[in-house]
Q: 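Pasting in a structure now, in structure tokens, and then I'll have a few things to ask.
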Amino acid sequence: MKKARQKQARQELTRCFFHKNHMLFIAALAVGIAINCSNLLFSYLIQRITDVAMGHDITPLWRLLMITAVGIAAFFALEWLWSVVKPRFVTRAVRQYKSHVFTRLMQKSIASFQREGSAEYISALTNDIAMIERDYLPQLTSIASLAAVFFGSLAMMLYYSPLLTVAGVALSLLPMAVSVVTGSRLAVREAQVSQRNAGFVGMVKDLLSGFSVLKSFRAEGEAQRLFNQENAALEESKRARGATAQRIHMLGEGASILAQMGVFILGAYLAVTGQGVTPGVVILFVQLMNFVLSPMTELPPLLASRKAALALMDKLADNLNENVRDTGKNIPPCLTQGIDVQKLTFAYPDGAPVLRDVSFRLEHGKSYAIVGASGSGKSTLLSLLMGASPDYQGQIRYDGHELRGISAESLYGVISLVQQNTFIFNDTILNNVTMFRQADPARVERALRLSGLSALIAQRGADTPCGENGSALSGGERQRVSIARALMQDAPVMLADEATAALDAQTARAVADAILDIEGLTRVIVTHRMDARLMRRYDEILVLHGGTICEHGTFDDLMARRGMLYSLYTVSQADEKPA
């Protein structure tokens with residue numbers, strides 16, 4: 001069953017090469033065959049001209065020269081046509097393949113992608129696709145061309161001398177055996193290079209993402225050691241692949257030379273002893289042996305490269321098909337009744353429960369704060385509300401619809417997310433807010449106003465570059481962009497996970513106020529900041545302790561109870577006092 005699914009997934013990928021690309025492929029195939037078969041014509045002309053020069057034929061030399069001139073002209077025309085159609089076929093095939101892979105990748109849920117990481121996909125769209133472009137796509141025409149010239153050469157050889165043909169085929173078995181024995185090793189080497197490259201990409205991504213951490217902890221030496229280690233391992237795997245390919249080529253070439261020399265010596269003997277073979281035929285056989293040996297020596301490495309490319313596509317297909325929420329019903333992008341959580345229990349794999357028997361109700365249009373000590377389960381609860389994992393016990397219902405039965409696509413139409421570590425694209429403020437879509441100017445103006453970005457836009461302009469991951473913006477400005485982006489989504493629910501944790505107190509209050517000022521939106525905010533003024537603005541506060549809701553209510557009510565919230569608030573105020 002798994003192999004059948006893998007085969008189907010691979011076929012889906014390979015179909016990308018030919019979508020609206022069949023005519024270019026057929027043209028490239030036909031031109032490639034014609035170019036290779038033109039070599040048979042030139043071999044024939046060499047034989048005829050040689051025999052004329054030796055006085056064994058009365059065919060006028062000028063006629064042969066005219067045919068040769070026409071053949072050369074046709075050959076150059078075919079080569080020019082080949083230089084046009086083949087690159088166009090390959091370019092379109094690669095473009096469609098990468099576009100399909102990225103489309104499938106975008107179908108994954110947020111949590112699924114976070115569990116898998118990006119290194120495998122970066123490698124697949126860079127190193128692996130380069131190997132497919134270099135070794136797999138050209139084969140699609142090369143194999144047919146090699147087959148055509150192989151059978152054409154055998155037919156000509158049989159016509160001129162069956163005896164020499166039998167000898168040539170027998171001698172050809174040597175290079176073919178060498179290629180078969182050594183060719184499969186190349187697939188193993190290619191797989192090793194792909195694996196090493198994925199590890200290298202992941203390591204570089206980690207080191208560059210943690211650049212500030214490395215510098216602040218003075219761990220540059222350790223980072224350099226890790227880089228050098230992975231870099232050396234990658235280059236060693238590439239060296240081994242290159243050495244294997246070179247040895248296969250060397251052995252194949254050596255065996256081919258032995259086969260050709262054997263045919264030449266036997267042909268010369270037959271010509272000298274007058275056994276129906278002319279010098280021109282001997283030269284013809286030497287030429288044709290190239291076209292017989294070429295498929296025998298080239299085909300096994302080609303098939304090995306094909307096998308390696310298909311293995312890379314199988315690996316990519318498995319990754320694309322893993323953790324994809326492709327089932328579930330669609331629900332309207334609205335919230336009228338609210339969100340109900342009943343007896344929610346959740347544990348990470350091989351771990352103790354993080355949440356235990358959690359129940360609460362979130363009414364539409366109200367604002368809620370989720371607070372608690374570190375490790376109490378706040379972020380886990382929020383991630384489950386956004387569909388991070390279906391592996392929970394209990395129920396999470398949006399307007400009565402169980403979350404596990406909702407399609408990921410329609411779920412993301414109901415919720416928007418503001419995270420602590422907001423990702424900003426290296427583009428303009430406007431494109432980061434609209435997510436590169438054409439948007440109604442009135443909607444954009446509303447999102448900028450409600451998020452508090454209007455002053456920044458008035459001062460610097462909507463086309464201001466944000467820099468790599470928002471390096472040209474302050475922390476508060478980045479969070480405001482994130483809020484405006486969420487507002488542009490027009491989702492009825494906004495989830496904010498420690499959105500102000502990395503900001504100074506004044507900026508944090510401004511960002512929190514911007515979120516709480518938005519009306520008609522259900523806001524669920526995970527926070528550790530105990531600002532009394534802000535806490536009083538929430539309709540309800542849920543206090544988590546040890547994975548359970550130990551108390552809930554308004555700020556003033558909970559403070560009057562002198563329970564867990566009172567303790568958290570007291571500790572936070574003590575921490576904020578200057579020493």
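Counting from 1, the numbers follow the sequence of the chain as shown.
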Q: Is there side-chain contact between L234 and N197, with at least one heavy-atom pair below 4.5 Å?
A: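 Yes; the side chains approach each other to less than 4.5 Å.
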Q: Taking it one step at a time, do F17 and L13 satisfy side chain to side chain contact (heavy atoms under 4.5 Å, CB included)?
A: CA-CA 8 Å; F17 297 133; L13 288 175; over 6 Å; no
Q: How about T428 and D463: does a side-chain donor come under 3.5 Å of a side-chain acceptor?
A: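 No pair is found: no donor N or O on one side chain lies under 3.5 Å from an acceptor on the other.
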Q: Quick check for you: to the nearest 0.5 Å, what is the distance between L154 atom CG and T165 atom OG1?
A: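 Between L154 CG and T165 OG1, I get 7.5 Å after rounding to 0.5 Å.
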Q: For the residue pair C466 and N432, what are the closest heavy atoms and their distance?
A: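 The pair with the smallest heavy-atom distance is SG-ND2, 3.6 Å.
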Q: Going through the checks in order, is the side chain to side chain contact (heavy atoms under 4.5 Å, CB included) test met by N431 and T434?
A: CA-CA 5 Å; N431 283 339; T434 64; 4.2 Å; yes
Q: Counting C-beta onward and ignoring hydrogens, is there a side-chain heavy-atom pair between N21 and F25 closer than 4.5 Å?
A: no
Q: Indicate yes or no for a side-chain donor-acceptor contact from Q96 to the backbone of H19 under 3.5 Å, with no hydrogens or angles considered.
A: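 Yes.
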Q: Should the pair F425 and F436 be assigned to parallel (<30°), tilted (30 to 60°) or perpendicular (>60°) ring geometry?
A: perpendicular
Q: Measure across V277 and S161 and return the closest heavy-atom pair with its distance rounded to 0.1 Å.
A: CG2-OG, 4.2 Å
Q: Starting at OG1 of T68, measure out to CD1 of I49 and round the result to the nearest 0.5 Å.
A: 4.0 Å
Q: Can you confirm whether L310 sits close enough to M313 that some side-chain heavy atom of one is under 4.5 Å from a side-chain heavy atom of the other?
A: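 Yes, side chains in contact.
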Q: Can you sort out the partners of V149 under side chain to side chain contact (heavy atoms under 4.5 Å, CB included), two or more places apart, ordered by chain and number?
A: N36, L40, S153, F291
Q: Any side-chain heavy-atom pair from I424 and R485 closer than 4.5 angstrom?
A: yes
Q: So do K98 and C16 actually touch side chain to side chain, heavy atoms under 4.5 Å?
A: no
Q: Please say whether more than 12 non-hydrogen atoms of neighbouring residues, nucleotides or ligands are located less than 6.0 Å from CZ in F42.
A: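 Buried by this count: over 12 neighbours within 6.0 Å.
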Q: Is there a side-chain contact between Q11 and R15, using heavy atoms and a 4.5 Å cut-off?
A: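 The answer is yes, as the side chains (C-beta and beyond) meet within the 4.5 Å cut-off.
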Q: Please report the interatomic distance OG1(T464) to CD1(I429), rounded to the nearest 0.5 Å.
A: 4.5 Å
Q: From I132 CD1 over to L316 CG, what is the distance, rounded to the nearest 0.5 angstrom?
A: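 CG of L316 is found 7.5 Å from CD1 of I132.
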Q: CE of M435: more than 12 outside heavy atoms within 6.0 angstrom?
A: yes
Q: Any non-hydrogen side-chain atom of W82 less than 4.5 Å from a side-chain atom of T141?
A: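 They are in contact (side-chain heavy atoms under 4.5 Å apart), so the answer is yes.
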Q: Atom CZ of residue position F18 - does it have more than 12 heavy atoms of other residues, nucleotides or ligands inside 6.0 Å?
A: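 Count over threshold, so yes.
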Q: What's the separation between atom CZ in F200 and atom CD in Q195, rounded to the nearest 0.5 Å?
A: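 F200 CZ to Q195 CD: 15.5 Å, rounded to 0.5 Å.
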Q: Taking the side chain as every heavy atom from C-beta outward, state whether V292 and M157 have any pair of such atoms under 4.5 Å apart.
A: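 Contact flag for V292/M157 side chains = yes.
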Q: Taking all non-hydrogen atoms of both residues, which atom of G32 and which atom of S145 are closest, and how far apart?
A: C-OG, 3.2 Å
Q: For Q47 and I283, run side chain to side chain contact (heavy atoms under 4.5 Å, CB included): C-alpha distance rounded to whole Å, both residues' side-chain angles, the deciding distance at 0.1 Å, then the answer.
A: CA-CA 6 Å; Q47 179 263 318; I283 295 176; over 6 Å; no
Q: For residues P465 and A472, report the shortest heavy-atom separation together with the two atoms involved.
A: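 Here P465 and A472 meet closest at O-CB, 3.7 Å.
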Q: If you take all heavy atoms of S407 and S410, which pair is closest and at what distance?
A: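 Where S407 meets S410 most closely, the heavy atoms are OG-OG, 2.8 Å.
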Q: Rounded to the nearest 0.5 Å, what separation is found between the CZ atom of R196 and the CG atom of N127?
A: 13.5 Å
Q: Going by the side chain to side chain contact (heavy atoms under 4.5 Å, CB included) test, name the single residue among I26, V31, I33 that passes it with L29.
A: I33
Q: Walk me through whether I46 and L284 qualify under side chain to side chain contact (heavy atoms under 4.5 Å, CB included).
A: CA-CA 7 Å; I46 289 173; L284 171 68; over 6 Å; no
Q: Looking only at atom types and distance, does a side-chain atom of Q489 sit under 3.5 Å from a main-chain N or O of I415, one as donor and one as acceptor?
A: yes
Q: Are any side-chain N or O atoms of S99 and backbone N or O atoms of R95, one a donor and one an acceptor, separated by less than 3.5 Å?
A: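 The answer is no, because no donor-acceptor pair under 3.5 Å joins these two groups.
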Q: Quick one: which residue pairs count as a salt bridge (charged side-chain N to carboxylate O under 4.0 Å, His left out) with a foot in residues 228-243, not counting sequence neighbours?
A: E190-R241, E235-K238, E236-R239
Q: Testing the basics here: between M156 and L288, what is the closest heavy-atom pair and its distance to 0.1 Å?
A: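 In this case the closest contact between M156 and L288 is CB-CD1, 3.8 Å.
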Q: Whether the side chain of R443 engages the backbone of M488 through a donor-acceptor N/O pair (distance < 3.5 Å, no angle test) should be reported.
A: yes
